[in-house]
Structures are given as C-alpha cells and as structure tokens.
Visitor: 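Before we start, here is the structure in question, set down as structure tokens.
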Amino acid sequence: MANKFFHSVYLNGELCKGCINCIKRCPTNAIRVQNGKARIIKEFCIDCGECIRHCPHHAKLTRRDHLDLLEKYEYTVALPAPSLYGQFNNMTDVNLILTALKLMGFDDVFEVSAAAELVSEESRRYVREHPEKWPVISTACPSVNRLIRVRFPNLIDHLLPLLPPAEVAAKLARKRAVERTGLSERQIGIIFLAPCPAKVAFARSPLGIAASGIDGVMAIKDVYQILLSYLPAAEKNPQELASSGKIGVGWGIAGGEAAGMITDSYLAADGIENVIRVLEDLEDEKFTPNLQFIELNACSGGCVGGVLNVENPYLAKAKMKQLNKYLPVSLQHQEDHAFLDSGELYFTEPITYEPVYQLGSSRMESMVNLKLVETYMKEFPCLDCGSCGAPTCRALAEDIVRGFAKKEDCIYLLRDYYDTLKKSQLLQETGNTKKTMEGTPYENPGIDR
Ligand code: SF4
Ligand code: SF4
C-alpha cells in the first residue's frame with residue numbers, strides 16, 4: 001500500500017540556514033524550525049510547493065525522476081502536461097514540441113490535454129446527473145485534494161470522483177503502446193512531464209485509486225533545455241502527433257477546466273490562499289445552491305504556476321492563450337467514447353478524512369487539550385513572530401500539547417524567565433528584598449549591591 005503521507009517536497013538540511021522564511025508561507029502550518037533547521041510535518045504537508053518558491057537558500061526541493069529512467073524500459077511514452085506548451089516563445093504548433101520529445105529519446109507521446117478532454121466530457125455528465133453534489137469540486141489539483149482530506153472533511157462528498165487527466169492519459173497510452181508494440185505492460189514506461197511537486201506526489205501516493213498507472217515523473221524544467229535544442233530539427237520534419245484542442249490544452253491555466261464544463265454556474269480560484277478562502281466560504285454555505293462546479297488550483301495562474309516549470313506563470317498563461325487561437329475546440333476520437341462508457345475514469349477508492357489536526361484521539365481528549373492550548377495562549381505574546389520556530393503562537397501552543405515543543409521555546413517567556421532568575425540571584429547576593437522588588441537592577445542603578 002502506498003504511503004498515504006508520501007511527499008515529493010523535501011529539505012536539504014545542508015542548505016537550510018534556519019531563516020524561518022518558509023514557516024510563514026506554508027498554508028498548512030507544516031514547517032517548524034528546530035535546532036537551526038527546517039522540518040516538515042508530513043501529516044500536514046500538501047506538496048503545494050510554496051516553501052520551494054520562498055526559500056531564499058534553495059533548501060526545499062522536489063523528488064522526481066531523471067532522464068536515465070528512459071533506459072529502464074523497452075519502450076517509453078511521454079505524457080506532457082498542458083502547461084509545457086506555455087514554456088516556449090511564439091509556439092503556434094504543438095506538434096513541434098511533441099516531435100522534439102521523440103527526438104530527445106521518447107518512443108511515443110500522449111498528450112495529457114487529450115485525456116483532459118475526456119475528463120471534461122465525463123465531468124459535464126457527472127455534474128448534470130448529480131445535482132445533489134453541487135457544487136462539485138474539481139479533483140485535478142492533488143494539493144487541493146490533500147488539503148480537503150485533512151482540513152475540510154465536510155466537503156469530501158463534493159469531490160468529483162474522476163481520475164485526473166494524467167492518470168487517464170497513462171491508461172490510454174499504455175493500452176496504445178501494448179497494441180502498437182506487442183510488448184508486455186511492464187516493458188513499457190509511461191513518464192509524466194509534470195509542472196509541480198503535488199503531481200509527482202500523486203503518482204507515488206494517489207488519492208481515489210490504489211496505484212498510479214504512471215511509472216515515472218520528470219520535471220518540465222529538467223527537459224525544457226533539451227527540448228529547446230531539438231526544436232530546430234523538429235521544425236524541419238514535424239510529425240502529426242497532436243490530438244487535443246482548446247478544451248484540453250486550456251486545463252494548463254486557471255479557469256481552463258471550468259471553461260470545459262460549458263456552464264455559467266461555476267467558480268474558479270487559484271493560489272492556495274484564495275483556494276482556502278473559497279473552501280472556508282463553501283463550508284460556511286456562503287454560495288448559492290445553484291453553483292454547479294468549482295475549479296481550484298493551488299498554484300497562482302493554474303498549472304503554469306507550478307514550481308517545476310521554467311517560465312513566469314503570467315507569461316506562460318499569455319503564451320497558452322495565444323497558442324489556443326491556432327487549436328480546434330476539441331479533438332476526440334471514436335475509441336475515446338468507448339473508454340468513457342467503460343467507467344474507467346472513475347475513482348475506485350474512497351477519499352477519507354485524515355484528522356491530523358486533532359489534538360487528541362477522542363473528543364474528550366481533544367477538548368481537554370484545546371483548553372490547554374487556550375491557557376498557553378494567554379501566556380504567549382501573540383505576536384506570531386516565528387522566533388520559536390513555529391509559524392504562530394497558536395501552532396507553538398498546539399505543539400506543546402502534542403509534546404513536540406516546550407513553553408521556553410517562546411523567546412519572550414524565556415526572557416521573562418531569565419529576568420526572574422536574575423532577580424532572584426541578585427536577591428540572594430544582596431539579601432535586599434525590598435529594593436529589588438521595586439525594579440530590576442538594570443532599571444535602578446542606585447540599588448545597593
Ligand atoms: S526558508 Fe526554510 S528551508 Fe529555506 S533556509 Fe530558511 S528555514 Fe531553511
Ligand atoms: S510543500 Fe506546501 S504544505 Fe508542504 S511544507 Fe511546503 S509550503 Fe507547507
């Protein structure tokens with residue numbers, strides 16, 4: 001069974017300076033700095049990549065596969081994420097990028113955007129047939145799914161129970177490769193070119209299915225330069241490999257998936273803080289009951305904002321909009337409809353609540369510990385300065401209750417403690433109770449010594 005808290009984001013301890021920049025940026029309060037080094041609490045982390053974006057010392061990194069993976073298989077298929085297309089200047093024909101992928105060593109390519117068109121079609125059907133689930137929440141962003149799993153249990157029932165496009169692409173690509181080559185499934189390597197760490201984590205530890213059909217995940221930024229070098233050769237002899245249109249390619253930018261729903265009753269939010277705000281409002285029932293669909297992307301701008309891309313997200317978004325002008329609306333094939341009807345697009349495992357933020361194993365224990373947290377909070381200065389290594393005073397109080405920290409980690413309480421200690425030492429030295437009680441020796445230089 002996959003490790004349900006597997007993460008692709010990790011820390012290089014040698015590079016970490018303990019500067020605490022990352023603890024304030026983590027949307028799930030998953031980072032602590034202790035003994036001068038950051039530490040990620042694996043149960044809280046959702047692989048959003050914010051800490052990678054904001055670490056000035058590049059100490060947060062993403063686990064991923066590298067080019068040598070190609071040698072492991074007899075036949076390899078690249079699954080390029082739609083956001084790959086936004087990394088190149090003046091791109092009007094995705095066949096050039098797909099041809100360059102073959103020139104760099106892949107045997108075949110299968111666009112994730114082609115699978116996205118199938119997911120769009122099935123999503124429209126699901127939303128139409130399940131008004132009781134409105135608003136249906138997209139499950140395309142793995143960080144959002146992980147966030148809902150640990151923090152918004154009441155919203156789990158609204159999750160769209162469909163595989164993300166990369167998983168659908170993996171299934172279709174493997175089937176096609178077996179048919180074309182006669183090789184066994186194990187001899188074929190399905191390799192996703194991903195824009196973000198969350199998608200790497202999904203392939204290793206998926207939600208909604210027992211195991212991923214993806215054999216390896218490479219970062220777009222790791223293949224980008226190689227692809228650039230092959231583009232001139234691809235231009236001379238481009239192959240007709242593209243099999244998707246605007247609807248599928250649009251999934252790479254914020255609002256693209258929602259546009260594929262072909263409804264006006266939708267909401268699309270991007271950037272993890274905006275996503276959290278929408279989920280909180282949804283939990284508070286602030287939206288109209290007629291809202292049908294919610295698209296949420298943890299990265300600003302959508303998948304083009306992922307930290308494994310190379311281009312600025314806003315430039316990439318503009319480039320993809322430009323590219324979309326040259327694409328047909330959608331490019332589906334006859335065999336795709338058979339796949340849609342097979343039900344293979346659906347989750348096979350339930351997504352269940354993981355109560356990682358609870359303060360106790362029972363309701364009673366949680367309540368007792370919550371009271372303790374409130375007691376600590378009364379002692380703390382509530383400046384959320386981060387000097388203790390926790391992002392907020394409340395996070396420190398909760399860590400103390402969980403047994404991960406101590407009160408003296410708060411530098412303000414520590415200072416008070418030393419002041420008191422100093423005073424009592426002075427008292428012992430001078431034996432002058434009355435004068436020391438009037439003020440500290442530093443404030444009252446006239447004190448008898
Ligand atoms: S931002 Fe976090 S990971 Fe980076 S050096 Fe500072 S404490 Fe370490
Ligand atoms: S990846 Fe996101 S959730 Fe995980 S530690 Fe970094 S900022 Fe926090």
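What you see below is based on every heavy atom in this structure, not just the backbone, and it leaves out hydrogens, waters and symmetry mates.
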Visitor: In the structure I gave you, are the side-chain heavy atoms of Leu67 and Ile226 within less than 4.5 Å of one another anywhere?
Guide: yes

Visitor: If I take atom CG from residue Asn145 and atom CZ from residue Phe152, how far apart are they, to the nearest 0.5 angstrom?
Guide: 13.0 Å

Visitor: Looking at every non-hydrogen atom in both residues, tell me the closest pair between Val249 and Met320 and how far apart they are.
Guide: O-CE, 3.3 Å

Visitor: Take a 6.0 Å sphere around CD of Glu285 and say whether it holds more than 12 heavy atoms from other residues, nucleotides or ligands.
Guide: no

Visitor: Quick one: do Val275 and Asp270 satisfy side chain to side chain contact (heavy atoms under 4.5 Å, CB included)? Show the steps, please.
Guide: CA-CA 6 Å; Val275 165; Asp270 56 300; 5.9 Å; no

Visitor: For the residue pair Lys37 and Glu14, what are the closest heavy atoms and their distance?
Guide: NZ-O, 4.3 Å

Visitor: Would one find more than 12 heavy atoms of other residues, nucleotides or ligands at under 6.0 Å from atom CG of Asp68?
Guide: yes

Visitor: Regarding Asn89 and Lys319, is there a side-chain donor-to-acceptor distance under 3.5 Å anywhere?
Guide: yes

Visitor: Go through the steps to decide whether Leu308 and Arg64 satisfy the test side chain to side chain contact (heavy atoms under 4.5 Å, CB included), and finish with yes or no.
Guide: CA-CA 10 Å; Leu308 299 183; Arg64 56 192 190 260; 4.2 Å; yes

Visitor: Report, as yes or no, whether the 6.0 Å neighbourhood of atom CZ on Arg39 holds more than 12 heavy atoms from other residues, nucleotides or ligands.
Guide: yes

Visitor: Would His7 and Asp47 count as having a side-chain donor-acceptor pair, cut-off 3.5 Å?
Guide: yes

Visitor: Do Leu162 and Glu122 have side-chain heavy atoms sitting under 4.5 Å apart?
Guide: yes

Visitor: Given Cys303, which of Cys141, Pro313, Ser83 fulfils the side-chain contact (heavy atoms from CB on, under 4.5 Å) condition?
Guide: Ser83

Visitor: Check the pair Ile40, Val9 against side chain to side chain contact (heavy atoms under 4.5 Å, CB included), reporting the backbone distance first and the verdict last.
Guide: CA-CA 9 Å; Ile40 299 175; Val9 175; 4.0 Å; yes

Visitor: Decide yes or no for Tyr126 and Pro161: does some side-chain heavy atom of the first lie under 4.5 Å from some side-chain heavy atom of the second?
Guide: yes

Visitor: Tell me, yes or no, whether the heavy-atom count around Lys175 atom NZ, taken from other residues, nucleotides or ligands under 6.0 Å, exceeds 12.
Guide: no

Visitor: Spell out, as yes or no, whether a donor-acceptor pair under 3.5 Å connects the side chain of Lys317 to the backbone of Ile253.
Guide: no

Visitor: Could you check if a side-chain atom of Ile137 sits within less than 4.5 angstrom of a side-chain atom of Phe293, using non-hydrogen atoms only?
Guide: no

Visitor: Measuring from atom OG of Ser123 to atom CE of Met261, what distance do you get when rounded to the nearest 0.5 angstrom?
Guide: 5.0 Å

Visitor: Between the side chains of Gln292 and Asn290, is a donor N or O closer than 3.5 angstrom to an acceptor N or O?
Guide: no

Visitor: Set out, in order, the CA-CA distance, both residues' side-chain angles and the distance that settles ring pair (Phe, Tyr, Trp, His ring centres under 6.0 Å) for Phe88 and Tyr224, then state yes or no.
Guide: CA-CA 9 Å; Phe88 300 90; Tyr224 173 73; 5.2 Å; yes

Visitor: Looking only at side chains, do Glu117 and Ser244 share a donor and an acceptor under 3.5 Å apart?
Guide: no

Visitor: Atom CG of Leu79 and atom CZ of Phe192: how far apart are they, to the nearest 0.5 Å?
Guide: 7.0 Å

Visitor: Should the heavy atoms of other residues, nucleotides or ligands under 6.0 Å from CD of Glu273 be counted, would the total exceed 12?
Guide: no

Visitor: With no hydrogens and no angle check, do the side chains of Glu257 and Ser120 hold a donor and an acceptor under 3.5 Å apart?
Guide: no

Visitor: Are side-chain N/O atoms of Gln239 and Thr99 paired as donor and acceptor at under 3.5 Å?
Guide: no

Visitor: Looking only at heavy atoms, which two atoms of Ala198 and Ile46 are closest? And how far apart?
Guide: CB-O, 4.5 Å

Visitor: Testing the basics here: between Lys60 and Cys22, what is the closest heavy-atom pair and its distance to 0.1 Å?
Guide: NZ-SG, 3.3 Å

Visitor: Roughly how far apart are Ile214 CD1 and Ile190 CD1, rounded to 0.5 Å?
Guide: 9.0 Å

Visitor: So, Tyr357 and Glu398: side-chain donor and acceptor under 3.5 Å apart, yes or no?
Guide: no

Visitor: For Asn35, look at atom CG and say whether over 12 heavy atoms of other residues, nucleotides or ligands are found less than 6.0 Å away.
Guide: no

Visitor: For a 4.5 angstrom cut-off between non-hydrogen side-chain atoms, does Lys199 reach Pro142?
Guide: yes

Visitor: Check Lys221 with Glu311, please: is the shortest side-chain N to carboxylate O separation under 4.0 Å?
Guide: no

Visitor: I'd like to know if the side chain of Asn95 reaches the main chain of Leu241, judged simply by a donor and an acceptor atom lying under 3.5 Å from each other, with no hydrogens or angles considered.
Guide: yes

Visitor: Which atom names give the shortest non-hydrogen contact between Asn312 and Tyr314, and what distance separates them?
Guide: OD1-N, 2.7 Å

Visitor: After noting the C-alpha distance and the side-chain angles of Val119 and Leu345, does the key distance pass the side chain to side chain contact (heavy atoms under 4.5 Å, CB included) rule?
Guide: CA-CA 7 Å; Val119 180; Leu345 261 79; 4.2 Å; yes

Visitor: Any sub-3.5 Å donor-acceptor pair from Ser113's side-chain atoms to Gly248's backbone N or O?
Guide: no

Visitor: Looking only at heavy atoms, which two atoms of Gly105 and Thr76 are closest? And how far apart?
Guide: O-OG1, 3.8 Å

Visitor: What I'd like to find out is whether the side chain of Leu279 reaches to under 4.5 Å of the side chain of Leu155, using heavy atoms alone.
Guide: yes

Visitor: Answer yes or no: are there more than 12 heavy-atom neighbours, outside Lys42 itself, under 6.0 Å from its atom NZ?
Guide: no

